[in-house]
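Comments concern the structure below.
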Protein chains: 2
Amino acid sequence: MSLSLDKNGAAPADASGQEPLLAAALGRFEGLLAARGLRLTAARRAIVEAVLRRAGHFTVEALVADLRSRGLAASKATVYRALPLLTEAGILASAVLTADERTYERAVGREHHDHLVCQGCGKVVEFEYEAIEVLQRELAARYGFTLEGHLHQLFGRCADCRKGDTK
Amino acid sequence: MSLSLDKNGAAPADASGQEPLLAAALGRFEGLLAARGLRLTAARRAIVEAVLRRAGHFTVEALVADLRSRGLAASKATVYRALPLLTEAGILASAVLTADERTYERAVGREHHDHLVCQGCGKVVEFEYEAIEVLQRELAARYGFTLEGHLHQLFGRCADCRKGDTK
DNA sequence: ATAATTGCAAACGCTTTGCAACCCC
DNA sequence: GGGGTTGCAAAGCGTTTGCAATTAT
């Protein structure tokens, strides 16, 4: 089994040359919406663009602020109503979810990965470990389950935080 | 340290041979509290008992209801204030945590495990897979992290739900 | 036209907090 | 008595929802 590790962070550069991504995202979105008799409106388009423009993890609040700062149409309520749709369309994904944090990230044009969070400084490392994915599938099968998804987050302390950081 | 019984003499009502667990839990709790200049009060004792009496996963609401139905002292606020302490003492652990569910479970006297949740019927299977635990440690080490914990939940569909249930 | 969509603000549900009374050491 | 503890109710917060106006097809 190949142990492919994502490059730390690999923060996707934003805003540049993402037309193809945007096209792919809007295409998917429109497909999902059409399949349900829903419409691809200006507000929804703006939300998709805002998500793609974001690099890394972000909160709903930040996304709404982005839209607002660009004078784009999409109120908080509309954003919240769009989140599940974006997720189902594979455009958006939940990033970190804990008792006191909830962030999202772009999903279109990216590979699946999980998160390793430093409890000292909050740094988040994205990782992809096929061996674990395999074991998860094996495990689900063992219990007669069809695996549809998972939430896997590792919490620890990074080297920097172990050295000097307070707390 | 000595384990004093509830001052009002109220013996744990049901209880099926859990005295040793209760003793262990109270002992740990008292230790943690003492180390911080905090006290093991009747309310906190009642909460510990309520947690041990619970089988399986439960919500805070359910725990509060338990206490209330037994006329035990411990308001909702007190329970919420005790949760982090119980967790640190290893008496309580978070069970399932998703965007719309948050349950806890007894940790004392139990082995570590993660959860497999059926998205059809809500059934939760607890699993312990050492191979995955090992890979997690390996992964954290690879990034220079000291692993302190993790949240690993698998979501799928159980055999029963695949057979008949409506989607 | 017909039905979906949106913004706003009110409603919500869960968790936290301010505060005065209380209890323990 | 000093300081931790508790209950109650109010405050917070992020998310959801009712509703009337608006817009897409």
Side-chain angles (χ1 to χ4, degrees), chain A residues 26 29-50 57-68 70-87 89 92 94-104, chain B residues 1-2 4-8 26 29-50 57-68 70-89 92 94-104:
Chain A
L26 288 177
F29 201 21
E30 185 163 41
L32 177 97
L33 293 171
R36 304 190 184 187
L38 303 181
R39 303 158 187 168
L40 176 52
T41 62
R44 288 181 178 148
R45 232 185 300 259
I47 295 172
V48 171
E49 285 177 30
H57 304 160
F58 54 87
T59 60
V60 172
E61 180 187 23
L63 194 62
V64 171
D66 282 2
L67 288 160
R68 204 171 297 272
R70 288 180 175 259
L72 295 176
S75 70
K76 182 172 29 170
T78 298
V79 170
Y80 273 109
R81 284 190 270 239
L83 295 182
L85 294 172
L86 290 170
T87 301
L92 181 74
S94 173
V96 175
L97 173 65
T98 62
D100 43 37
E101 187 181 356
R102 193 168 172 180
T103 60
Y104 296 83
Chain B
M1 57 213 93
S2 63
S4 46
L5 292 177
D6 205 318
K7 69 186 301 187
N8 57 33
L26 290 176
F29 202 22
E30 183 164 46
L32 177 98
L33 293 171
R36 305 188 182 189
L38 302 180
R39 301 161 187 165
L40 178 51
T41 62
R44 288 181 179 148
R45 239 185 298 257
I47 296 172
V48 171
E49 285 178 31
H57 303 159
F58 54 86
T59 61
V60 172
E61 181 185 23
L63 194 62
V64 171
D66 281 2
L67 287 161
R68 205 170 295 272
R70 286 176 178 265
L72 294 177
S75 68
K76 179 171 33 169
T78 298
V79 170
Y80 273 109
R81 284 189 272 239
L83 294 183
L85 294 171
L86 290 170
T87 300
E88 287 176 68
L92 181 74
S94 172
V96 174
L97 172 65
T98 63
D100 43 35
E101 187 180 356
R102 192 166 172 180
T103 60
Y104 296 84

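Residue numbers begin at 1 in each chain, while the letters A, B, ... track the order of the sequences.
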Closest approach of [X] and [Y], non-hydrogen atoms and distance?
X     : Y     : result
B:A46 : B:L67 : O-CD2, 3.5 Å
B:A62 : B:F58 : CB-CB, 4.4 Å
B:A74 : B:A43 : CB-O, 4.2 Å
A:I47 : A:L86 : CG2-CD1, 3.6 Å

Taking [atom1] from [X] and [atom2] from [N], how many angstroms apart are they, rounded to a whole number?
X      : N      : atom1 : atom2 : value
A:L63  : D:dT15 : CG    : C1'   : 15 Å
B:R45  : C:dC23 : CZ    : C1'   : 13 Å
B:F29  : D:dG4  : CZ    : C1'   : 13 Å
A:D100 : C:dT16 : CG    : P     : 9 Å
A:Y104 : D:dG14 : OH    : C1'   : 10 Å
A:E61  : D:dT15 : CD    : P     : 9 Å
B:Y80  : D:dC13 : OH    : P     : 17 Å
A:E101 : D:dT15 : CD    : P     : 12 Å

Check: Which angle, to the nearest 10 degrees, lies between the helix axes at the two ends of the helix from C:dA1-D:dT25 to C:dC25-D:dG1, each defined by five pairs?
Finding: 30°

Notebook entry, point to check: How does protein contact run along nucleotides 5-10 of chain D, one letter per nucleotide 5' to 3', with B for base contact, S for sugar-phosphate only, - for none, heavy atoms under 4.0 Å?
Noted result: SBBB--

Please enumerate all residues that pass side chain to side chain contact (heavy atoms under 4.5 Å, CB included) together with [X], with sequence neighbours excluded.
X      : value
B:A77  : B:S75, B:R81
A:R102 : A:L97, A:Y104, B:A99
A:E61  : A:T59

Pairs of donor and acceptor atoms involving the side chains of residues 32-42 of chain A, under 3.5 Å and at least two apart or interchain, shall be tabulated with distances.
residue	atom	partner	partner atom	Å
A:R36	NH1	A:E88	OE1	3.4
A:R36	NH2	A:E88	OE1	2.2
A:T41	OG1	A:R44	N	3.3

